[in-house]
Structure formats: structure tokens, C-alpha cells
Amino acid sequence: MADPAWLDELNPQQRAAVTHGDGPLLIIAGAGTGKTKTLAARVAWLLERGVPAERVLLLTFTRRAAQEMLRRAAQYASHSTRHAPRVWGGTFHAVANRLLRQHGHAVGLTPDFTVLDQSDAEDLLNLVRQEMGLHSREKRFPKKGTLLEIYSKCVNSQQPLDKVVPRDFPWCAGFDEEMARLFAAYTDRKQQMNVLDYDDLLLFWFHLMRTAEAGARAAERFDHILVDEYQDTNKLQADVLRAMAAVKRNITVVGDDAQSIYGFRAATVRNILDFPKQFPGATVITLEQNYRSVQPILNAANAVIARARQRFTKNLWSERRSEQRPLLVSCVDEAQQCRFVCTRILEQLEAGVPLRRQAVLVRTGHWSDMLEVEMSRRNIPYRKFGGLKFLEAGHVKDLLALLRLLENPRDQISWLRVLNLLPGVGGATANGVLRFLAANNHDFRSLAHCSVPTAARERFRELAAMLVDLGGVNGPHHERASGWCESDSNAAAPHPGPLPADAGRGRKLVLPVQSSDLAQRVATVTDFPLPSLARGEGQGEGSCAEVSTNSFQPSLSAQIGRIRKFYEPVFHDIYDHAEVRIRDLEQLAAMAASFGTREEFLSDVTLDPPSGTSDWAGAPHKDEEWMTISTIHSAKGCEWDVVFLIHATDGVIPSDLTTGNAVEIEEERRLLYVAMTRARNWLYVCFPLRYYADKHVLGDRHSYAQLTRFIPSDVRALFEQVALTLPKPASGGRGGAKVETDGRAKIRGFWSPEGG
DNA sequence: ACTAATGTCCTTTTT
DNA sequence: GGACATTAGT
């Protein structure tokens, strides 16, 4: 077969990677070496060679990356590659979600599970913790966020508590026994609720692969597996992959150990370093020619990473020459840093670099707060990625909770959130209602007979009416004792992770509720099945057909419309600034319009949350000009002509919050490396010398900062160094900062706090 | 006995 | 500004 013409666009290493035949392949692809292009071309090449698109699996770090790659694969468009969209593409979690809805029965799952996002998982963990009485101990028990981190790290690294806690959470020592019990209870509760958390998606996929029949079928399903960003996978993911590739061994992984920045999520650089051992006979190809950055930027970046240990040595080089070295800008304080960045952005814009080709990068979301104010003031449009998410807004979560309830009436977390919306309802009443629901097979119709305090009565009635209107699916299907159907194979064998041994068996639904008068009363009023439900009593014996006659589901938009009819009056009662917030609800509704089913929408929203505040509407923003503000993590895989890294101080990079162990420090070094290698032509590394202490702390104290330790003096020499100073307060406080090495700088609108 | 309002601490990175 | 603990109020 003749090679397609587009192969000529590739350099020899890229071409070797793209045209690699069968067998394991590791591509070490440095920053900007055409990794996306190579992977996309390989997909296209496989399709050209006649591999059916649906037998190719492309695992990426974000769904967006998958889409981009498949779009590019389709661009190498011969007739056969137009099928690229039929390739299975997505994140590990999204693919797990898809596979488990189809084959989950082999590990005791029914296809109607819902997925908990992080905050839901934390809330559930907290609920269980409280019920177990672990919150009131003499010594302070770890908080929910920490608990979930610990749990998650155990699962994802496949290591037991007593190994993880001393190493990564030394301050939580001494609670091992309680935590083990807590995590077991948490696992049980998820079963009762018919929900999976993020980690479960991987965990159950892993166990699916261990079942004889379904595991073999899953492994059979794909002829080729390609994995992007392999350096950011964890042990559990690697185990899943090994099982998926066990039969055909056609696995291609691409990554750069120097860009591994997800250790906090249990990603381990060992996966990529050990790949040749894990897959004996693997071909290793290294891509070193960088097509992105000018050489002076690479020189600086190479110098930063040169001091890291344990890596595939590679030195990036570029044909893009330039006289311009990256700039190292020391500012007097944060305010000056903001002014400098804004001014330079506008200068670059005038010089012909559009806003979309410029970006500001920060270590954590809040470090751009002051800059955002300044940018708004100067009318510089921007979008922010990473940091606070749209989904975390209370009112958005409310609406989603209502939607989830319809999907999975046993979702306690959503119930608690929804019930707390009602006036006069707190934890105790909510618990009572939950108990009541449990006793009535979670049938919405039973709510009509549930008593609640007077203050809540009217709204509660409206809620019940709404749920009954929309909740067609509510019958025997949901009445199995645990919602995890009988396991047909007992392959869900226990392992170091917290999957319970009895995952497949039926489990009695017992809600451990603190005894409270009201809860007892509410529960006893109707602690018997309602007449209309009696037929559903026998453990899941009702046929599904019987349910479906009752389960006409209105369109998703109609459902949301009906929900809003109930929710918006409530919403106005409890939130300030309703006018602003209501737009979010509209956006949510607009977004949902493009989804077919409720399940798809909910899964998508939890597995691939919109990353920016204005990420939702999509098309309307197409033509607008805006620049990017992003966390370094979210900037992975991106590039811009001009990049500003701000707050490059010690204490920010590396963060003061790291526990100080060498592994974490090394990751921070790579973070800096990732940030620097995003830049094509201009790189500004900025750092303020002085920080004003929080307003909460002692008056107007300030502290002094230093440049990050990852740019020591010998590396500094590779930068053009710029020191900004404040002007003398002669002209009544108005003036401009002087850029000592660059007289052109015109910084306007500057108001010196010291000078005034 | 519950809910709602007030007070105090800390504040990564993301599927 | 939000999470958590505590107190005031119904």
C-alpha cells in the first residue's frame, strides 16, 4: 500500500512513530514536539490501514483533547479517515462510565448508576463520618476533604492506608483504624445509593477486567489503544491499561516525564519510566525537535529541568532562532505586576499579537484575582480556566441535584441538598424524610403522605408534585435492595482497594439515622408500603416492561423547564443577586438542550465539567477576542505566542503547602517547566518582591518574597532581567513605573499607593 | 429539639 | 468567600 502523502509533513522520528506496526510503543514527546499531530496522524494512519474506527480507543486527559485530536485525524482526510469521529475517545473516567453502563453487570452494577463529583463524594463521606460519631473525638479527626484525598490516593495508587498516610498525610497519623472503618462504610453507602465516585469508575473498570468473560470481551473490543499524557496516569489506570492491552498488545502511549504534574492525584512518573519493563519488547521513540518556541526560551526551560532527577534525558531544540531571550521581571509589589502585565498585553496587541494568542499563567486560581480587577478596569476581555468552577455555584448545584433525583431517587446527597432548600427544614427533618422514602421504595408518589413541619408544607407539596410529574421511572427497577444486581460471576474479588468482598450480594437497606423525635415520627407515620406500591414489594420481581408504561420521559428541556417552575421561587427566597445567578440557570438549560437524555447530560457534566466561567454557551464566543488566564495545570497541552507567568516566587512555586518532601518539590519544578514551555515567542516570568499581608492579619504588614528557587543565578543568566521600580512621589502620586531596561514602556493609569 | 444566624479559621493543582 | 463550629432564636 502506498504511503499517504501527508506523511511527508512529518520529521523522521514522528514518521517512525506514526507508521509503527503492531506491538507496544512508547513515544517520549517533549513539549511542543508535535505530540498531538503525531498521535492524530497515527490514528489516521491506522484507519488508512483498514483498522475499523470503532476498534480504536483513544484515551486523553480531557475530552477536549480527544476532540481536537480526532478533528485533526479527520483532516488527513482521505475517504476512510472521515470515520475518525467513530473512534472511542475520551478520558479514562468517561470511557469507564461508558463501558460500565454496558458491561457493569459483571461486577454487580446496574446501568442506572449516577456519578458523584468531588464535592458530593466529600459530603457523603462527611455524612457517614457523622453517623459513625467520628466527628467528636478528643483529637481532631481529619476533615472531609482530606479524608477523600486519602481514600482517593489509596485507590488510585493501589496502596493500603498504612503506607499512604505516613508518607503523604503524616499529620493524620493515628486514625488508621477509624479511617478504615469509615471508608468501608462509605463504600457500603455508595452501593445503597447506587452511585459511583470518580475513583470507583476506574476501580470497577479494573475489576471488570478481572472477570473472566466480560474482561475478555472488553480486551477483545479494541485492536489499538492510544494513550495521551501517559506521564499523568496513576497505578490503577496503568493496571487497567495492561489488562485492556493484554491480548493484542497494540498499545501506544505518549508522554513526557518532564511534564508530570498530577502527583497529587496519584499520578506516578513511574508508569512512563517503567513502560519498557511493563511491556517487554516495546519500541521507544523520542521526539526532541520543538516546533513551538524560539531557542532562547528552550535554553531557559532546558536549564530549569536539567536539575531534575529520574528522567528520560532529552534536550529540546528548535530551528526558530531569535535574539529575544525570555524576560525575568521583578516588580516592587503585586499591584505593579498587574499594571506591567496589562500594559505589555496592550503593547503586544498593538504590535499585532491578538489577545487569543496571549495568556497569563498562575500556580493557583486566586493568584490572578488582582490582575482580573485590573484587566476589567482596562477593558481587556479574558476567560479564566481552572480554579473555581461554574458547577460549584450553589444554585447550579441545586438544579443539578433536582435533575439527579429524577435519575436516581436513592441519591441521598441530592435529597439532602434539595430538602434543605425548603423553609424550616434542616438536617433532622431531612433525615426523617429520607427514612420515610427508604421505607417506601423511594417512590415519589409516597411523598404526598409524608409529614413535614408546617413552614415547609406548601413548598414540599410543590416539590413532590414536580417529582411525580417528571419521575416516570420509578418502580421495581429501583427497588432492588442495593441497586447492584446479583453478580453473575464472583469475580469482584477483594483487592487492596476498598471494594467490599460482598459487592455482588444483595444488601439490606438500613439507614443509620440518629434517633430524633421528628425523624421517628415522620418515619412511623407511613412506615408501611402504600397500597399502590404493594406490587413492587417483592425484591425486584416486577418486570421492566411494567415500569416503562409508566415511565414516559419528557424531553430534557421540558424536564428542566418544569424543574425551574418549582425551583425559581425557592431560588429567589434564598439567594441574593438573583438577577445575576439566574443567567447561570439559563445557561445550564441551554447547554442541556444539546443532550439527548438526562443520563448523558448528568454524566457529561460530572465527568467533563466546563472549565471556564463562560465555557457553556460555546458558539456565541467564537468570534470574540479574549485572552486566557489559566492555572498551569489547565494550560497543559496549550501554546500561546506570548505567555506571562506571574507570581513566580518561592512559596508559590513551589507552593508553601507542599509537605516538603522531595517528590512534591520535584513536581513543582516540572510545573514551572510546563509553564515556560507554553510560550512561542515571548515569555515573561514575573515576580513581586513584596506582598501585603491579608487584611485579616495585623494591620498593613507586608512580607518580602524571592524568586523561585528553580531559577538560580546560573539559570537567571539565560533571561533578560528587568527590574521595575516605583517613581519618586514628586508629581502628586501620579506617574508611571520605570522600566529600567526598556524606555518604551508606557504604563498609564498608575496610582502609587506609597507615593500618594 | 430544630433551625437559622453569627463567628472564626483557612484558602492548590483536577477527573 | 466558604467551611466549620458555636450560639441565639423559634
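Chain naming here is simple, since letters A, B, ... match the order of the sequence lines and numbering starts at 1 in each.
- Computed from coordinates, the H633(A) NE2 to dT14(B) P distance equals 7 Å when rounded to whole Å.
- When heavy atoms are screened at a 4.0 angstrom cut-off, F92(A) is found touching no nucleic acid atom at all.
- Under the side chain to side chain donor-acceptor pair (under 3.5 Å) criterion, D608(A) pairs with R63(A), not counting sequence neighbours.
- Proximity of K144(A) to the phosphate of dC4(C): a side-chain N or O atom is located under 4.0 Å from OP1 or OP2.
- Checked by atom type and distance alone, the side chain of H633(A) pairs as donor or acceptor with a backbone atom of I261(A) at under 3.5 Å.
- One finds no side-chain N or O of S655(A) lying less than 4.0 angstrom from the OP1 or OP2 phosphate oxygen of dT13(B).
- Every residue meeting the side chain to side chain donor-acceptor pair (under 3.5 Å) condition with W367(A), not counting sequence neighbours, appears here in chain and number order: T364(A).
- The side chain of Y198(A) has dT15(B) as its nearest neighbour among dT15(B), dT13(B), dT3(B).
- Each of dT15(B), dT12(B), dT14(B) was ranked by its minimum atom distance to the side chain of S634(A); first place goes to dT14(B).
- Between the side chains of D256(A) and Y230(A), not a single donor N or O lies within less than 3.5 Å of an accepting N or O.
- Evaluation of the ring pair (Phe, Tyr, Trp, His ring centres under 6.0 Å) rule for H93(A) yields Y198(A) as partners, not counting sequence neighbours.
- When heavy atoms are screened at a 4.0 angstrom cut-off, G263(A) is found touching no nucleic acid atom at all.
- Between R581(A) atom CZ and dG1(C) atom C1' there is a gap of 11 Å when expressed in whole angstrom units.
- Following rounding to the nearest Å, I665(A) (CD1) and dT12(B) (P) show an atom-to-atom distance of 17 Å.
- Atom CG of L361(A) is separated from atom C1' of dT12(B) by 15 Å (rounded to the nearest Å).
- Summarising the geometry, the separation between CD on E667(A) and C1' on dT13(B) is reported as 8 Å, rounded to the nearest angstrom.
- Distance, D197(A) CG to dT15(B) P: 15 Å, rounded to whole Å.
- Residue-environment remark: CD (Q706(A)) stays at or below the threshold of 12 foreign heavy atoms within 6.0 Å.
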Distances under 3.5 Å between nitrogen or oxygen atoms of protein and nucleotides 4-8 of chain B:
{"residue": "dA4(B)", "atom": "OP1", "partner": "G424(A)", "partner atom": "N", "Å": "2.8"}

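- Residues passing the side-chain contact (heavy atoms from CB on, under 4.5 Å) test with A65(A), sequence neighbours excluded: T60(A), T62(A).
- Comparing atom distances between the T364(A) side chain and each of dT15(B), dT14(B), dT12(B) picks out dT12(B) as nearest.
- Here D369(A) pairs with H366(A), E372(A), K384(A) under the side-chain contact (heavy atoms from CB on, under 4.5 Å) rule; sequence neighbours left out.
- With hydrogens and angles ignored, no donor-acceptor pair closer than 3.5 Å exists between the side chain of R265(A) and the base of dT13(B).
- In the set dC2(B), dT15(B), dT14(B), dT15(B) carries the atom at the smallest distance from any side-chain atom of H93(A).
- Residue ring and base: F264(A) counts as stacked with dT13(B) (centre distance below 5.5 Å, interplanar angle below 30°).
- Considering only the side chain of T91(A), dT15(B) comes nearest among dT15(B), dT12(B), dC2(B).
- The separation between Q118(A) atom CD and dT12(B) atom P is 11 Å, rounded to whole Å.
- Separating the CH2 atom of W367(A) from the P atom of dT13(B) is a distance of 12 Å, rounded to the nearest angstrom.
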